[in-house]
Amino acid sequence: MSNNNITGKLPNLSHPIFDHWRPLEVDLSFNSFEGTIPSFLGNVSSLKLNNNKFSNPIPLLCPKSKIVLLDLDLSNNLSSGELPDDCWENMDELSYLNLESNQFSGKLPQSIGAIKQLQSFRLCDNTFSGVLPISLWNCSSLVILDIGDNQFSGIIPPEIGNLRSLVDLNLRKNRLVGKIPSTLFTLSSLQILDLSGNRLTGTIPKSIYNLTGMSNKTIFLPNSTIISSHKSFTKYPHYAAWVKWKRVQQKFGNLLGLVKSFDVSNNNLQGEIPSEISYLGGLVSLDLSRNKFSGTITSNIGQLTSLEFLDLSNNRFCGEIPMSFVNLSYLGILDLSNNNLSGRIPLGTQLRGFDASYYMGNPGLCGEPLPKTCPGDEAFNKSRDGEDIELTRQDKDDEEGVFSLGLYISVVLGFIFGFWGVYGTLVLKTSWRQAYFRCVDSIKDRFYVIIAVNLARVSKA
């Protein structure tokens with residue numbers, strides 16, 4: 001019944017027949033249903049109620065007995081209040097739970113860890129608060145954990161390293177503090193990491209190279225299933241992910257295998273970019289902007305040849321832009337503004353094609369596309385122009401030399417074939433020579449006769 005304009009409330013059908021009702025899927029999404037979600041719907045295997053106006057899901061989320069619900073989507077409704085704390089053990093077979101884009105608040109219950117089969121858990125765009133419960137890290141089957149755009153506080157617990165199957169981790173826009181735990185960089189399946197918009201401190205550790213899920217174009221799914229990036233994800237709709245792609249939140253489904261993103265922007269991180277970041281060769285998006293990173297930009301960053309988006313703006317980077325940047329041929333957006341970079345912008349066509357605003361705020365930076373010229377540019381250009389003129393003259397001289405040589409060769413060959421081709425034959429062949437001289441004598445005699453006749457005519461006249 002999805003994608004209609006059905007309004008009103010769903011009745012709480014309590015007939016005994018519904019106690020044994022086991023349909024595979026109920027889809028009421030994209031309608032205008034409102035009110036309380038009746039508990040009898042928990043008897044189905046898959047329930048889609050997203051994009052409605054439901055305001056009270058508690059009867060469904062707090063069943064009095066164990067239910068067989070596997071997939072539950074309540075996203076984009078008007079549900080509010082706190083989640084119950086004593087009912088999740090009755091939903092321990094749940095593998096997909098989507099509560100995003102509602103008005104839920106309060107703390108995440110400790111008993112949420114009872115859903116150990118949970119593979120996709122989405123709470124983003126609510127007003128949840130408090131620290132992340134330790135029990136959450138018992139859900140070791142999680143592939144997608146999206147709790148961004150809330151008000152969670154405290155640290156990122158080191159127990160996050162228990163989520164060995166995690167592919168997409170989104171903690172953006174919360175109030176998390178402290179350092180990024182080193183255990184996070186042991187998640188070898190991770191391919192999308194978004195920690196932006198928090199209050200994190202410390203550095204990016206050298207162990208970043210352990211994020212091997214970002215080093216290739218493969219996506220890892222539950223039960224050690226590996227799907228190549230060119231395969232379709234239509235059979236795995238629960239593994240779609242919201243990603244900040246080129247500064248805009250976009251949802252990736254079938255193309256999820258192609259998305260490898262690392263975003264720690266808008267925090268208080270510091271230190272240098274570790275050279276080990278070059279191991280993440282599958283990255284298509286890297287955002288380190290609005291932090292306190294310093295030092296030079298590692299030249300190894302040029303090995304991230306799959307990058308389409310790179311933002312290092314609003315930091316404290318110094319030194320020159322590495323020449324290896326010219327290897328980033330897929331870049332669609334590059335932002336190096338508001339740092340302490342200096343020297344000439346590398347002459348690669350790719351870097352010159354970006355707008356000058358992406359280089360602004362670096363007083364020591366010069367060269368195209370900036371209006372500021374580099375020291376020695378005039379002398380360099382004059383020298384280059386002089387070299388061009390000299391090369392032009394030399395080219396002309398070379399052309400004239402080649403022409404003269406060709407002329408000499410053609411004259412010599414013409415003399416050989418024209419003169420010696422005829423007279424050489426007369427010298428070597430006796431019969432031809434005799435015939436030639438007889439012909440000459442005959443022409444001479446005729447010439448004399450003509451002269452004599454003309455003189456006789458003149459004398460008579």
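Below, each value reflects all heavy atoms present in this structure, side chains not excepted, and no hydrogens, waters or symmetry copies.
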Can you confirm whether F121 sits close enough to I115 that some side-chain heavy atom of one is under 4.5 Å from a side-chain heavy atom of the other? no

State whether the side chain of N339 and the backbone N or O of N362 hold a donor-acceptor pair below 3.5 Å, judged by distance alone. no

Judged by atom type as modelled, is there a donor-acceptor pair below 3.5 Å linking the side chain of S111 to the main-chain atoms of D85? yes

Side chain to side chain, Q103 and T127, heavy atoms closer than 4.5 Å: no

Sidechain-backbone polar pair: S75 side chain, E100 backbone, donor-acceptor under 3.5 Å: no

Between N315 (side chain) and F317 (backbone), is there a donor-acceptor pair under 3.5 Å? no

Might you confirm whether atom CD1 of I6 has over 12 heavy atoms from other residues, nucleotides or ligands at distances under 6.0 Å? yes

Looking only at heavy atoms, which two atoms of S299 and S324 are closest? And how far apart? O-OG, 2.6 Å

Report yes if some heavy atom in the side chain of L370 is under 4.5 Å from a heavy atom in the side chain of M360; otherwise report no. yes

Do N77 side-chain atoms and N52 backbone N/O form a donor-acceptor pair below 3.5 Å? yes

Could you check whether K66 pairs with D92 (Lys NZ or Arg NE/NH1/NH2 to Asp/Glu carboxylate O, under 4.0 Å)? yes

So does C124 get a backbone contact from the side chain of D149, meaning a donor-acceptor N/O pair under 3.5 Å? no

Could you walk me through whether S189 and S165 pass the side-chain contact (heavy atoms from CB on, under 4.5 Å) check? CA-CA 6 Å; S189 298; S165 299; 5.7 Å; no

Please determine which of N266, N291, I156, L171 meets the side chain to side chain contact (heavy atoms under 4.5 Å, CB included) test together with L200. I156

Mark yes or no for whether N4, through its side chain, and S2, through its backbone, hold a donor-acceptor pair below 3.5 Å. yes

Under a 3.5 Å cutoff, is there a donor and acceptor pairing between the side chains of T186 and R164? yes

Look at the aromatic rings of Y209 and Y279 and report parallel, tilted or perpendicular, splitting at 30° and 60°. tilted

Main-chain N/O of P133 paired with Q110 side-chain donor or acceptor, under 3.5 Å: no

For the residue pair F33 and F54, does the interplanar ring angle fall in the parallel (under 30°), tilted (30 to 60°) or perpendicular (over 60°) class? parallel

More than 12 non-hydrogen atoms from neighbouring residues, nucleotides or ligands closer than 6.0 Å to NZ on K107, yes or no? no

Using side-chain heavy atoms (C-beta onward) and a distance below 4.5 Å, is V264 in contact with L288? yes

Does S29 use its side chain to pair, donor to acceptor, with the backbone of K48 at less than 3.5 Å? no

Side chain proximity check, S261 to D287, heavy atoms < 4.5 angstrom: no

Are D71 and S95 close enough, and set up right, to give a side-chain hydrogen bond (donor to acceptor under 3.5 Å, both in side chains), and what steps lead you there? CA-CA 6 Å; D71 302 334; S95 63; 3.1 Å; yes

Only one of V44, L41, L61 passes side chain to side chain contact (heavy atoms under 4.5 Å, CB included) with L72, and that residue is L61

Ignoring hydrogens and angles, tell me if any N or O in the side chain of D263 forms a donor-acceptor pair with the backbone of S196 under 3.5 Å. no

Is there a side-chain contact (heavy atoms from CB on, under 4.5 Å) between F309 and V284 once you walk through the steps? CA-CA 6 Å; F309 176 87; V284 294; over 6 Å; no

Heavy-atom check, side chain of Y358 versus side chain of L334, under 4.5 Å: no

